[in-house]
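Every number for a ligand or one of its atoms is a count from 1 in the order of the listing.
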Amino acid sequence: MKEKINIEKLPKHVAIIMDGNGRWAKAKGQNRLFGHSAGVETLKNILRCAGNIGIKYLTVYAFSTENWNRPQDEVSGLMTILLDAIKSEIEEIHKSDVRINVIGDIQKLPQNVQSRINDAIELTKNNKGITFNIALSYGGRWDIVNAVMDIAEDYKQDKINKTDITENLFSTYLSTKNIPDPELIIRTSGELRLSGFLLYESVYSELYFTDVYWPDFSEEDFYKAIIDYQNRERRLGKISEQLK
Ligand code: FPP
């Protein structure tokens with residue numbers, strides 16, 4: 001019999017590096033933007049599926065700080081895809097009680113994308129279902145450096161003392177401040193690295209890698225990742241016997 005997800009042991013927060021859109025498109029003789037558009041379809045499917053099974057937070061790496069260095073036509077094509085996706089999906093997202101959140105340097109995004117994002121965040125802010133957290137123009141180092149600057153400012157203004165700066169306090173200065181650390185991080189397409197995704201938050205995340213390109217990543221692949229996570233022993237620095 002096929003193994004099933006244990007609903008009692010669901011990760012609260014799953015984060016995904018959606019990789020392989022370009023290679024998927026190339027293998028089909030298509031351009032890279034075709035791959036990104038297909039990636040949006042996968043994302044819609046996985047968001048619905050994550051919400052349905054009861055996951056509370058889904059974070060996706062949609063655009064990294066390094067992605068600005070891609071050819072200009074790919075960057076602007078991605079912005080258009082993003083804009084169109086928010087436009088066409090926002091009603092359904094809102095109806096499904098999804099709360100949208102964005103992390104990253106959004107000031108860098110085109111003005112129309114920024115205002116569309118802000119509208120989506122405002123519209124969905126009181127929703128009680130899954131939080132769909134989109135990492136856009138995001139990098140873990142960017143986030144950490146920003147946090148340090150804000151801490152320095154608060155220290156200068158006597159709002160905090162040096163001894164107040166604990167691991168917990170530090171995490172309240174990150175863009176993920178109201179979101180628990182991800183228990184599971186999935187990366188598609190066979191690449192075995194985190195590429196600056198949730199650097200501070202991922203210390204105890206279980207990492208799951210699959211060779212499947214993001215546009216081909218199915219509900220079944222998602223369940224497989226969760227089942228794999230559920231079969232791991234999360235010791236969080238302790239020893240097995242202490243967990244019993
Ligand atoms: C990685 O594949 C994918 C991206 C850089 C972009 C992913 C973005 C989307 C799926 C759209 C997101 C939309 C919303 C609404 C959040 P790649 O281009 O690095 O693929 P490759 O490694 O095969 O070249």
*Between Asn31 and Phe34, is there a donor-acceptor pair closer than 3.5 Å when you use the side chain of the first and the backbone of the second?*
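Looks like yes, one N/O pair under 3.5 Å.
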May I have the N/O to N/O pairs between ligand 1 and the protein that fall below 3.5 Å, each with atom names and distance to one decimal?
residue	atom	partner	partner atom	Å
ligand 1	2 (O)	Gly20	N	3.4
ligand 1	2 (O)	Asn21	N	3.4
ligand 1	18 (O)	Arg32	NH2	2.8
ligand 1	18 (O)	Arg70	NH1	2.8
ligand 1	19 (O)	Asp19	OD1	3.2
ligand 1	19 (O)	Arg70	NH2	2.8
ligand 1	20 (O)	Gly20	N	3.4
ligand 1	20 (O)	Asn21	N	3.2
ligand 1	20 (O)	Gly22	N	3.0
ligand 1	22 (O)	Asp19	OD1	3.0
ligand 1	22 (O)	Arg23	NE	3.4
ligand 1	22 (O)	Arg23	NH2	2.9
ligand 1	23 (O)	Gly22	N	3.3
ligand 1	23 (O)	Arg23	N	2.7
ligand 1	23 (O)	Arg23	NE	2.7
ligand 1	24 (O)	Arg32	NH1	3.0
ligand 1	24 (O)	Arg32	NH2	3.0

Do [X] and [Y] pair up side chain to side chain, a donor and an acceptor below 3.5 Å, judged on atom types alone?
X	Y	result
Ser96	Arg48	no
Arg99	Thr124	no
Ser195	Arg187	yes
His36	Glu74	yes

*If we only count heavy atoms from C-beta on, is the Ile185 to Thr59 side-chain gap below 4.5 Å?*
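A side-chain contact under 4.5 Å is absent here.
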